Structure formats: C-alpha cells, structure tokens
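Working notes, beginning with the structure itself.
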Amino acid sequence: MQINKVELADSFWDFYRDAVRTKMLPYQWRVINDEVPTPTVKSANPYLNNQPSHAIRNLRIAAGEVNGHFSGYRFQDSDVYKWLEAVAYVLEAGCDEELKAHADAVVALVGRAQATDGYLDTYIQIDHPEAKFKHVSMSHELYVMGHYIEAGVAYNHATGNQAALMIARKMADCLDHNFGPEAGKMHGYPGHPEIELALAKLADATGAERYYKLAAYMLDQRGKQPDNFFHQQSADRRETGSLDELDRQNAEPEDDYFQNDRPIRALKRGEGHAVRMVYLLTGMARVARHTHDAELLAKCAQIWRHITNRQMYITGGIGADPWHEGFGPDYYLPNSTAYCETCAACGMVFFTQQLLLEDPQAEYADLIERELYNGIISGMALDAEHFFYVNPLAVDPAEITADKGREHVLPERPSWLACACCPPNLARVVAALHHYIYTSNADTVYVQQFISSRAQFANGVTVAQVSALPWNGKTTLTVTAPKPSDFTLAIRVPYWCNGQLTVTIDGIPGKTQVDADGYCRISRSWDDTTKVNVEFAMAPRLVWANPRVAADVNKVAIQNGPIVYAAEEVDNGPRLATIAIDPYVPLRIGQQVPIAMGKKVPAIQLDAVRKQNSGKPFSSVKPVTESMELTLIPYFAWANRGVNEMTVWLNEKI
Ligand code: FUB
Ligand code: ZN
C-alpha cells in the first residue's frame, strides 16, 4: 500500500501551515537577505542576541559576486538550506510562485558558490581556506553540507529541479572523495551529526549505494578509541603549527559533548549536546533500516526509550543542561533553567519517525504528536515572525534578569536569533507535516496522526480523514476503494485516552480492542465507500511527574488530549509560584481566550488558592490561602500577550 500523496485541510494545522507559507518563509527570506532591521530583544547569551544574518551574502561572496568577509556563525549557510528545504515541502503540498522563484534563485546561487570539487562552506571558502577539513569536530563543514543535501533532495523531489540534486551529489562526492576507510582518505566523521542522515536521504533519492556506505562508515568510525579522529586532528594541528582560534582558547568541548567518547554501539542514553545526539540517532536508525542492522536498530530503540522515560519534559522538550545545550542526568528536569531547544524537539521527531517506519508502534506516533503540539510550535509566536530557541517550562521575567544560570531564557520570542538554527527547522517540520500522518506497509494503512487530510494510495484507495483534534477526540475516516481491496486500517489509539474509544463502521459498532502495539485494527475487504467513526475519550486531566524529578515534587501539570497547558501571569496575576491546586477539583474546559492574530484557544479553568503570608521571606505563621479561579492556556500559545510569568507545573495543594 504505497502512499502516493497526502493533502491536508485541518482546522488546527492550516493556521500553522498557512503561517509558514505566507508569513514565516517570506519573513525568513527577508532576514537571510538582511532586509529586516536588527531586532530589539537583547540577551547576554550570544546565541540569542541579534545581528544581521548575512547568510545569502556569504554565499554571494563565496560565489565571487560581491566582496567582503564571512559574517555570522560558522554554520550560517544552514539557515539558507533549511529555508530551502521548508520551501520544498510547501511546494510539494501546493504551488507558491513567489517562494519558488526565490528558491530557484537560491539553488542557482548555491551552484555558483560551490567549489569545483563539490565543497561548499562559505566560512572556510571566504576567510579560512587553509582550515578546510582540518578541525572537523568544530567546523560544521559536514553539517552545512548535510543540510544542503537534505534541501537539494527535497527540492528536486518537489519541483524536479535537477541542479538542486546535482549540487547535492557533487557535495556528497566531495565528501566521499575525502572521507572513508581507504588509505589517503580521512578516517573521520563530523562534530555535529547531520551528514549521515542526509547521505542516507541522497542514497534513497539517487539509488547510489555508496552514499549509504559513507554514512555507515562515519557512524561506526565515530568515537573509536584509541586513535580517535578528533584527537588525531587536534594533534596534527599542534604538530603543524596550524592552531586555530578554538585551539588557542582551549575551547574544544569534552568528547561526550559530541558523542565521541565511545563507539555509537556503546551509547545507552541521551548523551552530550541534544541536537547532535538526536541527529546522530536519526542517521543511525536510517542507515540501520537500510542495512537491516538489527543490533543497531535495537540500540536506537533502547536509547529512544531511555530518553523518553528519563530525560524528556512533558512538553517533549529535551536538553536539561543549558551549559552544553545537552542532556542531563536521568530525571534531572528543572523547569526554569530547561534548555529544550526547538531544534532538539524537531530532531526527536526525525529520529522517532525512523523508528516508527521500521516498527510501527503507537508510542512512537504518540511522541511525535507530543512534540508537534507542544515542544515544536511553542518555538514560534502566532505572528510567525518571532521565535523561541529555548523552551523552558517556567519563566519569571524578574528572576531571569538576576540569574546568570538563566541567561539562555528569554521571556518573549525575539524576531530573530544570532544562532538561527531553530526558526527554519520549525518551518521545515510544519511544512512537511503531510509526511507524518499516515504510514503503510504491504497490507496495512496506519493512521498515525489525527489531522484532517486525504491520503491517496498507489492501488487507488483513498483515506479521507476529518478530525476534531486536538480539541475533541472525534475523527471520521472515509475509506474509498474503487475495487474490493483487502487490507487493515490500523488506527493509533493515543496514550491520553487510556484505551477508551468507540468505533463505528458505517454506523455499526466496531471492535475497540487495542492491540499490544497500541493500534485498533479493522481488517476487511474494503469496497466502495466505508465510513469509520472513532472517538477517543478526551477530558482535561492531571499529570504527575516521576517523584525522582526533584523539580516537580508535589506539583501537577494539566493536559487535555495531547495539549499540555500552562498558567500565564496575564490571566492569573503575578507570582504563579504561590498558587496551589487541589488535585480533585473539577477542570472546566471551554472558554475561548483570545491570544493573538485573531486566534483563540480553549482555556481550562479551575478553582485554586493563592498562598500568602506577612510579606516577609519567612515566618512561623502558616500562610493563609485565598480562593481564585485559575486559567490555563495551551503551553504552545504562551508569550503571545507580552512579557509575563509562565509555569507548566503547579503546586499541588497539600
Ligand atoms: O551547532 C549548530 C546548531 O547550533 C546546533 O544544532 C544548535 O544546538 C546550536 O548549537
Ligand atoms: Zn536550534
């Protein structure tokens, strides 16, 4: 049952997809062309502070079309490539002449900037040619080329643009020429994984097996000790006197930061830099699927389980350690210092999708749903022109200005970021949403996400879905089979309904058994048109953290369906930490709260208390409580109504 096409028309996601197409991508285009004034939000954290992007200009300089020096972070090129990839998914879903014209021009520019050997990294080409491939742990050369390869493959697929794919092939051939097991090549791999998953995509698009081989080589070469590649390169630079700025500052991170302290098959959990880790895992899973490497697939699944059970926030955020943008110890999930980079949530989706394709288990699609509705779209303001890089679960604007440990936290989304990896990453995930709704194998169509859409299969079958999610648990699936077709419709039963669902098939009650893998299956000979109505029980509910999460002891969070809720100061007054709720109190849903851009969201309201005492920092008098009505809004919608406090976890009244 090969999926030919999926079209979306969804009351929740159309807002985001339209915002990405009509606002975010045109806006990001102006940003990367330096046409947007430098934003005003200032942070002590250099990644979050702002400066003009210069990203297109860097490519023009590398192409020899204008004079100047490289500007921005070493990986600035990737902002352009992720933008291009997002445009590709937009064009896959429909047409947009203006975006296409810009994207065609970008492909042509990238072609002109690419060196004759296929190499392209404007930081190196413009100002540091002597450093080419000399400091691969930190340079991001393979990272930016990986992002171009992903974009080139997607753009070629969406538009048929041959140059886009040729550039990608030339790049991959350049890497194949320089890296590999053969004598005379570098026995290396990148500091920031990305190229591995990109090479796998290119191999799938072209049928060129050697790209898979190179990806597999880089994966298995990673972290080998002794004779570690990064250490060897470092020793070479010292011996040849070609130390760079980072060497001179002794700024090389520890090996575990780049998952370089052990071979990938010895990894057990989320280690080091979170985005690097999940990109690495995506590459591992993708290559392992291709090579049928059962050991590596089991390893990926084991690490996924470890991350989701011990290292992930309720929002799907990962990366509790702001100093390394990385994973922390198990159950170390502080709320107000959380990093939870938007890119890391995107990376979790990429990784999980690979596991889901290999082994359809509802828990994988559950996680993708958690990321989509919480950890990813929290990264954008509803105006689609302001972005969070860091997505903590508690923010107090007054405290963050006084706390060096919270320099990475911003109380509002800035209109751009010096390190702008997240905004175009978010754009490419939302634009590619049609790839996440259904999966299939020879005899089964899996409905993985409840998003109104229409899927066409190669055998002529269509599945049209009308879903009321995320606000209501009702979905109708209309299956049309032009000739009788035997197959199974496997409907994911989301974790949040606790197995409570109703199913009718053409009005007749169907079985509601949930199989061990989390799907409710309807196996039959489908003929003509069949209507399957499914309703998952959905009601606001309390969620408790594992008691080992010290930050959440005696706290509760509130979720409705897949949506995690949060309290904001604008609805509840200041000092959210003084509010406590009785876990048995009724949770009322329904009131629509206007947020921004004409968008309203259903609030959850409940009776709560606010604790107060004399006003001194401590007292032997027990605080008194005052009743209040607490209003919660979806976490993703916070920080759209000005700078204010927010918290996901609330004190439990004891
Ligand atoms: O290193 C490139 C990107 O910058 C990473 O993926 C992000 O975490 C940020 O550090
Ligand atoms: Zn990012």
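On a predicted model such as this, the values are computed, not experimentally measured, just so you know.
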Can you find a side-chain donor-acceptor pair between [X] and [Y] that sits under 3.5 Å?
X: Glu92; Y: His435; value: yes
X: Glu85; Y: Tyr89; value: yes
X: Asn391; Y: Ser378; value: yes
X: Tyr119; Y: Glu141; value: yes
X: Asn644; Y: Glu568; value: yes
X: His408; Y: Glu325; value: no

Identify the heavy atoms of Ser53 and Val31 that sit nearest to each other, and give their distance. CB-O, 3.3 Å
Atom of Gln311, atom of Ile318 and distance for their closest heavy-atom approach: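 Scanning both residues, the minimum pair turns out to be O-CG2, 3.9 Å.
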May I ask you to establish whether Lys599 and Phe12 are in a cation-pi arrangement, using a distance under 6.0 Å from NZ or CZ to the six-membered ring centre and at most 45° from the ring axis? yes
Trace of the side-chain hydrogen bond (donor to acceptor under 3.5 Å, both in side chains) decision for Tyr332 with Asp321: CA-CA 9 Å; Tyr332 172 73; Asp321 167 7; over 6 Å; no
Are any non-hydrogen side-chain atoms of [X] and [Y] less than 4.5 angstrom apart?
X: Ile61; Y: Thr122; value: no
X: Met380; Y: Pro423; value: no
X: Pro562; Y: Glu369; value: yes
X: Ile149; Y: Lys201; value: no
X: Ile595; Y: Lys600; value: no
X: Ile437; Y: Gln448; value: no
X: Tyr635; Y: Tyr373; value: no
X: His192; Y: Leu142; value: no

For Glu7, does the CD atom have more than 12 heavy-atom neighbours from other residues, nucleotides or ligands under 6.0 Å away?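 Above 12, so yes.
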Looking at His324, I'd like to know if its NE2 atom is crowded, meaning that more than 12 non-hydrogen atoms belonging to other residues, nucleotides or ligands lie closer than 6.0 Å.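 No, because the 6.0 Å sphere around NE2 of His324 holds 12 heavy atoms or fewer from other groups.
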Output the distance between atom [atom1] ([X]) and atom [atom2] ([Y]), rounded to the nearest 0.5 Å.
X: Leu165; Y: Lys170; atom1: CG; atom2: NZ; result: 13.0 Å
X: Ile32; Y: Lys82; atom1: CD1; atom2: NZ; result: 12.0 Å
X: Ile563; Y: Leu632; atom1: CD1; atom2: CG; result: 13.0 Å
X: Gln249; Y: Asp244; atom1: CD; atom2: CG; result: 9.0 Å
X: Met145; Y: Leu199; atom1: CE; atom2: CG; result: 10.5 Å
X: Ile368; Y: Ile376; atom1: CD1; atom2: CD1; result: 9.0 Å

For [Y], does its backbone N or O pair with a side-chain atom of [X] as donor and acceptor, under 3.5 Å?
X: Asn33; Y: Glu35; value: no
X: Asn156; Y: Gly152; value: no
X: Asp34; Y: His54; value: yes

How are the rings of [X] and [Y] set to each other: parallel, tilted or perpendicular (split at 30° and 60°)?
X: His140; Y: Phe75; answer: tilted
X: Tyr279; Y: His147; answer: perpendicular
X: Phe388; Y: Trp638; answer: parallel

Taking [X] first and then [Y], would you say they form a salt bridge - that is, a charged N and a carboxylate O separated by under 4.0 Å?
X: Glu399; Y: Arg406; answer: yes
X: Asp18; Y: Lys23; answer: no
X: Lys100; Y: Asp96; answer: no
X: Arg276; Y: Glu194; answer: no

Evaluate salt bridge (Lys or Arg N to Asp or Glu O under 4.0 Å) for Arg641 paired with Asp571, printing each intermediate quantity in order. CA-CA 10 Å; Arg641 295 174 291 171; Asp571 300 308; 2.8 Å; yes
For the pair Glu341 and Val275, evaluate side chain to side chain contact (heavy atoms under 4.5 Å, CB included) and give the outcome as yes or no after the intermediate values. CA-CA 8 Å; Glu341 183 178 341; Val275 181; 3.5 Å; yes
Residue set satisfying ring-ring contact (aromatic ring centres under 6.0 Å, His included) with His157, at least two apart, ordered chain then number -> none
Sequence-distant partners of Tyr189, ring-ring contact (aromatic ring centres under 6.0 Å, His included), two or more places apart: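 Applying ring-ring contact (aromatic ring centres under 6.0 Å, His included) to Tyr189 gives Phe229, Phe230.
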Run the salt bridge (Lys or Arg N to Asp or Glu O under 4.0 Å) test on Glu65 and Arg112 for me, step by step, so that the C-alpha distance in whole Å, both residues' side-chain angles and the decisive distance to 0.1 Å come before the verdict. CA-CA 9 Å; Glu65 294 165 5; Arg112 297 195 299 277; 2.3 Å; yes
Centroid separation Trp323 to Tyr339 less than 6.0 Å: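 No, they do not, as the ring centres are separated by 6.0 Å or more.
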Evaluate the side chain to side chain contact (heavy atoms under 4.5 Å, CB included) criterion for residues Phe258 and His273: first the C-alpha distance (whole Å), next the side-chain angles of each, then the deciding distance (0.1 Å), finally the verdict. CA-CA 6 Å; Phe258 338 80; His273 185 273; over 6 Å; no
Distance-only donor-acceptor pairs under 3.5 Å for side chains of residues 66-74, two or more places apart:
unit_1	atom_1	unit_2	atom_2	d
His69	ND1	Asp127	OD1	2.7
His69	ND1	Asp127	OD2	3.4
Arg74	NH2	Tyr123	OH	3.3

